[in-house]
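Read through the structure below, which is laid out as structure tokens, and then see the notes.
None of the values given here were measured: they were computed from a predicted structure.
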Amino acid sequence: ITMGYDEHYGGSEKSGSVSSISYIKNALASLNETIPPERNIMALPFYTRLWKEEDGKVSSQEYGIVKSKQVLDQFGAKASWDEETAQNYAEFKSGNATYKMWLEDKESLETKLKAVFETNNIAGVAFWKLGLEEPAIWETIIHYTGK
């Protein structure tokens with residue numbers, strides 16, 4: 001089982017995606033060189049981070065999928081698709097701080113599931129952490145896993 005998340009984590013020195021599509025594709029390529037695909041399981045995130053950049057310092061707070069959307073709504077921030085990460089991205093200012101969020105959602109997870117199953121056909125997927133997802137995501141997961 002390979003952790004396909006924490007590309008940028010709580011202690012990171014710069015803000016960024018928890019799990020961009022290139023991070024997943026690179027992990028899959030490395031794994032498939034040494035381990036047969038039918039023995040690989042990729043763990044994907046049901047969470048993201050809200051990054052705060054202020055006075056040259058970076059910090060972050062972890063949020064599940066549902067809560068992350070509520071945070072953006074609270075600040076009136078709109079997310080738009082970022083091709084590079086294959087995630088919806090939002091940025092807003094509050095006071096002297098700039099906030100950034102690369103969202104995990106149905107669209108981003110579908111892109112990752114396509115890479116996992118259509119391109120690499122590995123054994124399966126796992127998720128961190130159950131309970132942080134929105135119910136509609138399970139339809140997409142079932143579509144790709146057949147389970």
Side-chain angles (χ1 to χ4, degrees), residues 1-54 57-75 77-92 97-147:
I1 298 176
T2 300
M3 239 172 58
Y5 47 87
D6 282 350
E7 177 179 2
H8 293 88
Y9 54 94
S12 291
E13 294 180 10
K14 67 177 196 168
S15 58
S17 171
V18 168
S19 179
S20 68
I21 192 63
S22 62
Y23 189 71
I24 297 300
K25 287 180 176 180
N26 290 338
L28 287 166
S30 292
L31 286 171
N32 288 339
E33 288 177 8
T34 57
I35 301 169
E38 64 274 8
R39 297 195 60 182
N40 288 334
I41 294 174
M42 177 62 68
L44 301 173
F46 279 157
Y47 72 95
T48 190
R49 292 189 165 279
L50 176 63
W51 296 92
K52 179 181 179 182
E53 298 176 355
E54 185 175 28
K57 296 178 184 172
V58 176
S59 60
S60 69
Q61 174 78 35
E62 184 179 307
Y63 290 100
I65 290 173
V66 174
K67 183 66 176 168
S68 65
K69 291 178 180 181
Q70 292 170 350
V71 168
L72 293 182
D73 287 345
Q74 175 186 341
F75 286 95
K78 300 291 180 207
S80 59
W81 189 252
D82 175 41
E83 287 293 332
E84 184 178 342
T85 60
Q87 293 173 295
N88 282 299
Y89 171 78
E91 184 174 317
F92 62 93
T98 299
Y99 293 86
K100 299 177 179 182
M101 185 182 286
W102 287 262
L103 290 159
E104 288 301 340
D105 56 22
K106 186 177 177 182
E107 290 175 287
S108 67
L109 287 170
E110 183 166 14
T111 302
K112 290 174 178 73
L113 289 166
K114 282 180 184 178
V116 166
F117 292 110
E118 291 179 2
T119 306
N120 293 277
N121 198 29
I122 67 172
V125 289
F127 298 93
W128 182 264
K129 164 182 168 186
L130 293 177
L132 298 179
E133 77 279 10
E134 57 188 349
I137 285 176
W138 287 105
E139 292 173 23
T140 303
I141 293 167
I142 291 166
H143 173 78
Y144 285 93
T145 63
K147 299 174 185 171

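For Ser19 (side chain) and Gly4 (main-chain N/O), a donor-acceptor pair under 3.5 Å exists by modelled atom type. Between the side chain of Ser12 and the backbone N or O of Tyr9, at least one donor-acceptor pair lies under 3.5 Å. Between the Asn120 side chain and the Ala115 main chain, a donor and an acceptor come within less than 3.5 Å of each other.
In this structure, CG on Leu103 lies 5.5 Å from CG on Leu72, to the nearest 0.5 angstrom. Atom CD of Glu134 and atom NZ of Lys69 lie 3.5 Å apart (nearest 0.5 Å). Separation of atoms OG (Ser15) and NZ (Lys52) is listed at 13.5 Å; rounding is to 0.5 Å. The CG atom of Leu44 sits 12.5 Å away from the CD atom of Glu133 when rounded to the nearest 0.5 Å. Distance check: Ile137 CD1 to Lys106 NZ gives 8.5 Å after rounding to the nearest 0.5 Å. The CD atom of Glu62 lies 13.5 Å from the NZ atom of Lys67; values are rounded to the nearest 0.5 Å.
Shown here is Glu54, whose CD atom has more than 12 heavy atoms of other residues, nucleotides or ligands within 6.0 Å. The local environment of CD1 in Ile1 is sparse, with at most 12 non-hydrogen atoms from other residues, nucleotides or ligands closer than 6.0 Å. Counting non-hydrogen atoms of other residues, nucleotides and ligands closer than 6.0 Å to CD of Glu13 gives a total of 12 or fewer.
Residues meeting the salt bridge (charged side-chain N to carboxylate O under 4.0 Å, His left out) test with Glu107, sequence neighbours left out: none. The side chain to side chain contact (heavy atoms under 4.5 Å, CB included) test applied to Leu132 returns Phe46, Tyr47, Lys129, not counting sequence neighbours. With sequence neighbours excluded, the residues satisfying side chain to side chain donor-acceptor pair (under 3.5 Å) with Ser22 are Ser20. Partners of Pro36 under the side chain to side chain contact (heavy atoms under 4.5 Å, CB included) rule, at least two apart in sequence or in another chain, are Glu38, Arg39. Qualifying side chain to side chain contact (heavy atoms under 4.5 Å, CB included) partners for Thr111, counting only residues two or more places apart in sequence or in other chains: Ile21, Trp81, Ala86. Residues that satisfy the side chain to side chain contact (heavy atoms under 4.5 Å, CB included) test with Glu33, not counting sequence neighbours, are absent from this structure.
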*CA sep, side-chain torsions, deciding dist, call: Gln74, Gln70, side-chain contact (heavy atoms from CB on, under 4.5 Å)*: CA-CA 6 Å; Gln74 175 186 341; Gln70 292 170 350; over 6 Å; no
*What's the verdict on side-chain contact (heavy atoms from CB on, under 4.5 Å) for Thr2 and Leu28, showing C-alpha distance, side-chain angles and the deciding distance?*
CA-CA 9 Å; Thr2 300; Leu28 287 166; over 6 Å; no
*Could you go step by step and tell me if Leu109 and Ile65 meet the side-chain contact (heavy atoms from CB on, under 4.5 Å) rule?*
CA-CA 11 Å; Leu109 287 170; Ile65 290 173; 4.1 Å; yes
*Does the pair Lys100 and Glu53 meet the rule for a salt bridge (Lys or Arg N to Asp or Glu O under 4.0 Å), with working shown?*
CA-CA 8 Å; Lys100 299 177 179 182; Glu53 298 176 355; 3.4 Å; yes
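Classification of the Phe92-Tyr99 ring pair by plane angle, with boundaries at 30° and 60°, yields parallel.
Taking the side chain as every heavy atom from C-beta outward, Ile122 and Asn32 approach each other to under 4.5 Å. Put simply, the side chain of Trp128 does not reach to within 4.5 Å of the side chain of Pro45, judged on heavy atoms. With a 4.5 Å cut-off on side-chain heavy atoms, Trp102 and His8 do not count as touching. Residues Tyr144 and Glu118 meet the side-chain proximity criterion, which asks for heavy atoms closer than 4.5 Å. Under the 4.5 Å side-chain criterion, counting only non-hydrogen atoms from C-beta, Val125 is in contact with Thr145.
When all heavy atoms of Val58 and Lys14 are compared, the pair lying nearest together is CG1-C, 4.1 Å. For the residue pair Ser68 and Met101, the shortest heavy atom distance occurs at CB-SD, 3.6 Å. Minimum interatomic distance between Ser60 and Trp51 (heavy atoms only, all atoms of both residues): CB-CE3, 3.5 Å.
Asn88 pairs with exactly one of Thr48, Asp105, Asp82 by the side chain to side chain donor-acceptor pair (under 3.5 Å) rule, that one being Asp105.
Side-chain N/O atoms of Glu91 and Tyr89 include a donor and acceptor closer than 3.5 Å.
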